[in-house]
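Letters go in sequence order (proteins before strands), and every chain restarts at 1.
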Protein chains: 2
Amino acid sequence: MTDRVDLTEPQACGQLSALAHEGRLRIFRALVAAGPAGMPAGRLAEQLDISPSNLSAHLAVLTGAGLTQVRKAGRQRIYAADLVATAELVSFLVADCCGGDPELCRSVTANLGAAAIKACN
Amino acid sequence: MTDRVDLTEPQACGQLSALAHEGRLRIFRALVAAGPAGMPAGRLAEQLDISPSNLSAHLAVLTGAGLTQVRKAGRQRIYAADLVATAELVSFLVADCCGGDPELCRSVTANLGAAAIKACN
DNA sequence: ATTTCATTTCAATACTTCTTGAAATATTGA
DNA sequence: TCAATATTTCAAGAAGTATTGAAATGAAAT
């Protein structure tokens, strides 16, 4: 486990680009739903009706951006969403919000908190 | 104020595409930092060293995606980040995480909460 | 060893999106 | 009305990204 450091702008942009594609967005969300156990590439291809070669390219983009991780199990490769990286991306997006004014900023905290709660229902 | 509804996949994808560009990402974050008061286009162009026509195109993309809002003040147009929309996008990204298992899901909630706090320092 | 299975790699075409500068619009001030 | 300011619109070349199918890799089963 390598030490995590704040995202750079190009890194954050790469992650957003990776998600900015309907196919990859579906892939990522399917992996988020699958949780830490992840899913093998083949099952993703089947479930989302994406050709294996196309899926492979998309998974390479997501993984290269640091949003997903792979592990091998026999002849399959199991992909999982990196939720810590995801939270860091969110943090990057709203960094320094409201110029740091805690009063104005409160609503952002509240909204993000609500988003987190809502996500887990 | 129109009622908000959950994002559709193409809408979320449009918002991510809007952010998936270094120039627009800088613009968006500058607006997040500016808070609800927002900033006139001209000042953004100056501060970020982007040509007016290019900036205008980028702001149109962000606004079209629903991530920023405009209002007119004299001959300037003042843009502001839509932080509620931003929180909804985050919520969409991690929806149904861990298949809804509250135990696994706890870490996501914790990470997002931490991201929100960190953003406001 | 050979076959089968899961996945990736490659190369080419097709498709989108960026950027630029000039011209247009709209608002204010003289 | 005329000039100045703030911003947007437009068109076109330049650059980047997606998709496809065939071939290659690597691991397991026979």
Side-chain angles (χ1 to χ4, degrees), chain A residues 8-31 34 37-81, chain B residues 9-31 34 37-82:
Chain A
T8 63
E9 201 165 67
Q11 285 173 333
C13 195
Q15 297 187 331
L16 291 163
S17 298
L19 293 171
H21 180 281
E22 287 216 15
R24 283 195 298 264
L25 185 52
R26 275 202 296 272
I27 293 166
F28 178 78
R29 299 213 312 151
L31 291 176
M39 282 178 83
R43 191 140 60 89
L44 274 171
E46 205 175 77
Q47 176 175 314
L48 302 175
D49 194 33
I50 301 175
S51 79
S53 75
N54 197 3
L55 177 74
S56 179
H58 289 325
L59 286 169
V61 172
L62 286 166
T63 303
L67 289 168
T68 57
Q69 290 174 342
V70 213
R71 63 180 193 275
K72 294 186 192 175
R75 57 185 125 181
Q76 36 192 19
R77 302 207 188 168
I78 298 180
Y79 287 85
Chain B
E9 202 165 67
Q11 284 172 333
C13 195
Q15 297 187 330
L16 290 164
S17 298
L19 292 171
H21 179 281
E22 288 217 16
R24 285 195 297 265
L25 185 53
R26 275 202 295 272
I27 293 166
F28 178 78
R29 300 213 312 149
L31 291 175
M39 281 177 83
R43 190 139 63 87
L44 274 171
E46 205 174 77
Q47 177 175 313
L48 302 175
D49 194 32
I50 300 174
S51 80
S53 75
N54 197 2
L55 177 73
S56 180
H58 289 325
L59 286 169
V61 172
L62 286 166
T63 303
L67 289 168
T68 56
Q69 290 174 340
V70 213
R71 61 182 195 275
K72 294 186 191 173
R75 60 185 119 180
Q76 37 191 20
R77 302 208 188 167
I78 298 181
Y79 287 84
D82 186 332

With sequence neighbours left out, the residues meeting salt bridge (charged side-chain N to carboxylate O under 4.0 Å, His left out) with B:Arg29 are none
Measure from [atom1] on [X] to [atom2] on [N] and round the result to the nearest Å.
{"X": "A:Leu55", "N": "C:dA6", "atom1": "CG", "atom2": "P", "result": "14 Å"}
{"X": "A:Leu62", "N": "D:dA18", "atom1": "CG", "atom2": "C1'", "result": "14 Å"}
{"X": "A:Met39", "N": "C:dA6", "atom1": "CE", "atom2": "P", "result": "14 Å"}
{"X": "A:Leu59", "N": "C:dT7", "atom1": "CG", "atom2": "P", "result": "10 Å"}
{"X": "B:Arg43", "N": "D:dT5", "atom1": "CZ", "atom2": "C1'", "result": "17 Å"}

Checking the side chain of A:Arg24 only, and the main-chain atoms of A:Ala18 only, is there a donor and an acceptor separated by less than 3.5 Å? yes
Estimated bend of the helix from C:dA1-D:dT30 to C:dA30-D:dT1 (axis per five terminal pairs, rounded to 10 degrees): 20°
Could you state the interatomic distance from CG (A:Asn54) to CG (A:Asp49), rounded to the nearest 0.5 Å? 11.0 Å
For the CZ atom of A:Arg77 and the OG1 atom of A:Thr63, what is their distance to the nearest 0.5 Å? 10.5 Å
What residues, two or more places apart in sequence or in another chain, satisfy side chain to side chain contact (heavy atoms under 4.5 Å, CB included) together with A:Gln47? A:Ala30, A:Met39
Partner set under side chain to side chain contact (heavy atoms under 4.5 Å, CB included) for A:Ala20, not counting sequence neighbours: B:Leu16, B:Ser17, B:Ala20
Walk along nucleotides 10-22 of chain C from 5' to 3' and tag each nucleotide B, S or - by protein heavy-atom contact under 4.0 Å, base first, then sugar-phosphate. --------SSBBB
Considering residues, nucleotides and ligands other than B:Glu22, do more than 12 of their heavy atoms fall under 6.0 Å from its CD? yes
Heavy-atom contacts under 4.0 Å between residues 69-82 of chain B and DNA chain C, which residues? B:Gly74, B:Arg75
What one should report as the nearest heavy-atom pair of A:Ala41 and A:Leu59 is CB-CD1, 4.0 Å
